Amino acid sequence: MDLILWRHAEAEDLEETDEGGGAGADLSRRLTAKGERQASRMAAWLDRQLPEGVRVYSSPAVRAEQTVIALGRKYKAREELRPDAGVDELLELVQWPHGKQPVLVVGHQPTLGRTVARLLGFSEPECSIRKGAVWWLRQRERNGQMQTVILTVQTPELL
């Protein structure tokens, strides 16, 4: 199974939103001009790389949906990917590691970094994922053992 984790692109700071704070304000944060460019660059790269039949899920936060919209594919916004979601919610949604289709998730830190750390067996509880970056993981069997490997890590600045 392939799991592609895409952190939303650069967004406004919370104090730049009109709503003045709280969970609703965080969910309404929009991409900056730089974030729009990051999303567009990564979406163009992903569109060339994604396998047939990939399922695409996004956080319901505006910044995540703006990021995934740049890809131009159908997606589902899911509460399991909201900014305060946990690793278990994400893994259950994507049916890791037993899902039959590749899955692209557009979400947030620290959840994405915690997911990477858990799946790769890092000693630290999370790793840092840059805004707009993609981590592409694969679950495979090798010599009778299941293992998770990194296929690629991409940032919009290097595309």
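Worth saying up front: this structure is predicted, and the values here are computed from it rather than measured.
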Next item on the list: Quick one: closest heavy-atom pair of Leu31 and Ala9, and the distance?
Entry: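 Heavy atoms only, the tightest pair is CD2-O, 3.4 Å.
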
Checklist line | Minimal non-hydrogen separation, Ala133 against Thr155, with atom names | finding: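 That closest heavy-atom pairing would be CB-CG2, 4.0 Å.
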
If two hydrophobic side chains count as joined below 4.5 Å and joins carry through other members, does [X] share a cluster with [Y]?
{"X": "Val87", "Y": "Val94", "answer": "yes"}
{"X": "Val153", "Y": "Val105", "answer": "yes"}
{"X": "Leu50", "Y": "Trp135", "answer": "no"}
{"X": "Ile4", "Y": "Met1", "answer": "no"}
{"X": "Met42", "Y": "Tyr75", "answer": "yes"}

Compute whether any side-chain donor of one residue and acceptor of the other, for [X] and [Y], lie under 3.5 angstrom apart.
{"X": "Ser59", "Y": "His108", "value": "yes"}
{"X": "Gln139", "Y": "Thr148", "value": "yes"}
{"X": "Arg55", "Y": "Tyr57", "value": "yes"}
{"X": "Gln147", "Y": "Arg142", "value": "no"}

Checklist line | From Lys131, Glu157, Arg7, residue fulfilling side-chain hydrogen bond (donor to acceptor under 3.5 Å, both in side chains) relative to Gln38 | finding: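 That would be Glu157; it is the only one of Lys131, Glu157, Arg7 passing the side-chain hydrogen bond (donor to acceptor under 3.5 Å, both in side chains) with Gln38.
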
How long is the span from the [atom1] atom in [X] to the [atom2] atom in [Y], to the nearest 0.5 Å?
{"X": "Leu158", "Y": "Arg130", "atom1": "CG", "atom2": "CZ", "answer": "8.0 Å"}
{"X": "Leu91", "Y": "His98", "atom1": "CG", "atom2": "NE2", "answer": "11.0 Å"}
{"X": "Arg30", "Y": "Glu65", "atom1": "CZ", "atom2": "CD", "answer": "10.5 Å"}
{"X": "Arg140", "Y": "Leu151", "atom1": "CZ", "atom2": "CG", "answer": "8.5 Å"}
{"X": "Lys76", "Y": "Arg78", "atom1": "NZ", "atom2": "CZ", "answer": "7.0 Å"}
{"X": "Ile69", "Y": "Ser40", "atom1": "CD1", "atom2": "OG", "answer": "13.0 Å"}

Closer than 3.5 angstrom, by distance alone: can the side chain of [X] be matched with the main-chain N or O of [Y] as a donor-acceptor pair?
{"X": "Arg41", "Y": "Leu159", "value": "yes"}
{"X": "Glu12", "Y": "Arg29", "value": "no"}
{"X": "Thr67", "Y": "Arg63", "value": "yes"}

Below 3.5 Å, can you tabulate the donor-acceptor pairs from side chains in residues 109-125 to any protein atom, sequence neighbours excluded?
| residue | atom | partner | partner atom | Å |
| --- | --- | --- | --- | --- |
| Gln109 | OE1 | Gly113 | N | 2.8 |
| Gln109 | NE2 | Cys127 | O | 3.2 |
| Thr111 | OG1 | Ala85 | O | 2.6 |
| Arg114 | NE | Glu126 | OE1 | 3.2 |
| Thr115 | OG1 | Thr111 | O | 2.8 |
| Arg118 | NH1 | Asp88 | OD1 | 2.6 |
| Arg118 | NH2 | Asp88 | OD1 | 3.4 |

Check: Between Leu104, Val56, Ile129, which is the residue that forms a side chain to side chain contact (heavy atoms under 4.5 Å, CB included) with Trp6?
Finding: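 It is Leu104, the one option of Leu104, Val56, Ile129 that forms the side chain to side chain contact (heavy atoms under 4.5 Å, CB included) with Trp6.
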
So, do [X] and [Y] sit near enough that their side-chain heavy atoms are less than 4.5 Å apart?
{"X": "Trp136", "Y": "Ile150", "answer": "no"}
{"X": "Pro83", "Y": "Asp26", "answer": "yes"}
{"X": "Gln101", "Y": "Val54", "answer": "no"}

Note to self: Between Glu89 and Arg82, does any NZ, NE, NH1 or NH2 come within less than 4.0 Å of an OD or OE carboxylate oxygen?
What the structure shows: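 Here Arg82 pairs with Glu89 in a salt bridge, since their nearest N and O are under 4.0 Å apart.
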
Check: Can we say Arg73 and Asp47 salt-bridge, meaning some charged N sits less than 4.0 Å from an Asp/Glu carboxylate O?
Finding: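 Yes, charged N to carboxylate O under 4.0 Å.
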
Checklist line | Evaluation steps, side-chain contact (heavy atoms from CB on, under 4.5 Å), between Val62 and Leu27 | finding: CA-CA 6 Å; Val62 170; Leu27 290 175; over 6 Å; no

Notebook entry, point to check: Counting only heavy atoms not in Glu141, do more than 12 fall under 6.0 Å of its CD?
Noted result: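 It does: Glu141 CD has more than 12 such atoms within range.
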
